[in-house]
Amino acid sequence: MADNCLFCKIAAGEIPAQIVYQDELVVAFNDIDPQAPVHVLIIPRKHIAGMNDVVAEDSCILMRIHQVAIDLARQLNVAESGYRLVNNCNDDGGQAVPHLHYHFLAGRKMTWPPG
Ligand code: AMP
Ligand code: ZN
């Protein structure tokens, strides 16, 4: 766990969040400022600062994140209608929290290009 990392603290249960799924590798919780009817953040328990810091040994974590997204989509009945899984990396990508996370967005028609 990294010092003063918001998402490490949420994963450790030190800061409350509306957790929708957790296991030994990942935690998923509702975004505090939702940008869609469904907006869940999926994070690794391991502190990884961002996309550029992912290494080959993290492959199980990344697979699990995708599996959680697929399971959420099926549970929420949006697998067929569609959804979006987004990672923002660094300043130009719009990353505000330096702990790897994926936004699972669903429940409305998404636009392209993104803002
Ligand atoms: P990003 O801009 O990609 O780094 O996304 C960070 C996300 O974390 C934003 O969508 C925020 O709304 C969300 N967020 C920040 N603090 C919290 C919190 N305490 N609980 C849940 N989501 C949060
Ligand atoms: Zn962290």
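This structure is a prediction, so every number in the text was calculated from the model and none was measured. Order of appearance sets the numbers: ligands from 1, and atoms from 1 within every ligand. The residues of the chain are indexed from 1 along the displayed sequence.
Here's the thing with V97: one of its N/O atoms is less than 3.5 angstrom from an N/O atom of ligand 1. For I10, no nitrogen or oxygen atom sits less than 3.5 Å from a nitrogen or oxygen atom of ligand 1, counting backbone and side chain alike. Considering both main-chain and side-chain atoms, G94 comes within under 3.5 Å of ligand 1 through a nitrogen or oxygen pair. Taking distance alone, with nitrogen or oxygen atoms compared against 3.5 Å, H39 stays at or beyond that limit from ligand 1. Here's the thing with Q95: none of its N/O atoms is less than 3.5 angstrom from an N/O atom of ligand 1.
Ranking the protein heavy atoms by distance from atom 23 (C) of ligand 1 puts I32 CG2, 3.5 Å first.
Using a 4.5 Å heavy-atom cutoff, the side chains of Y83 and V40 are not in contact. For the pair L105 and V38, the minimum side-chain heavy-atom distance is 4.5 Å or more.
Note on R74 versus E80: no salt bridge recorded, every NZ/NE/NH1/NH2 to OD/OE distance being 4.0 Å or above.
Closest heavy-atom approach to atom 4 (O) of ligand 1 within the set G93, A17, A96, P34: this belongs to A96. In the candidate list D31, I15, V40, D33, D31 is nearest to atom 10 (O) of ligand 1, counting heavy atoms.
With R108 contributing its side chain and Q35 its backbone, the two residues share a donor-acceptor pair below 3.5 Å. Side chain of N30 to main chain of A17: no donor-acceptor pair is present (N/O by atom type, distance under 3.5 Å, no hydrogens or angles). Listed for the R64 side chain is no donor-acceptor partner under 3.5 Å among the backbone atoms of D23. Counting only distance, with no hydrogens or angles, the side chain of D31 and the backbone of D33 share a donor-acceptor pair below 3.5 Å. Formation of a donor-acceptor pair under 3.5 Å by the R84 side chain with backbone atoms of T111 is found in this model.
Residue V86 places every heavy atom at 4.0 Å or more from ligand 1. In this structure, H101 is part of the shell of residues with a heavy atom less than 4.0 angstrom from ligand 1.
Considering just the N/O/S atoms of H47, the one nearest the Zn ion (ligand 2) carries the name ND1. For H99, the N/O/S atom at the shortest distance from the Zn ion (ligand 2) is named ND1.
Less than 4.0 angstrom separates some heavy atom of N30 from each of these atoms of ligand 1: 21 (C). The atoms of ligand 1 that sit less than 4.0 Å from any heavy atom of F7 are 8 (O). Proximity to H103 (heavy-atom distance under 4.0 Å) selects the following atoms of ligand 1: 1 (P), 3 (O), 5 (O), 7 (C), 10 (O).
The CG atom of L100 sits 9.0 Å away from the CD1 atom of I43 when rounded to the nearest 0.5 Å.
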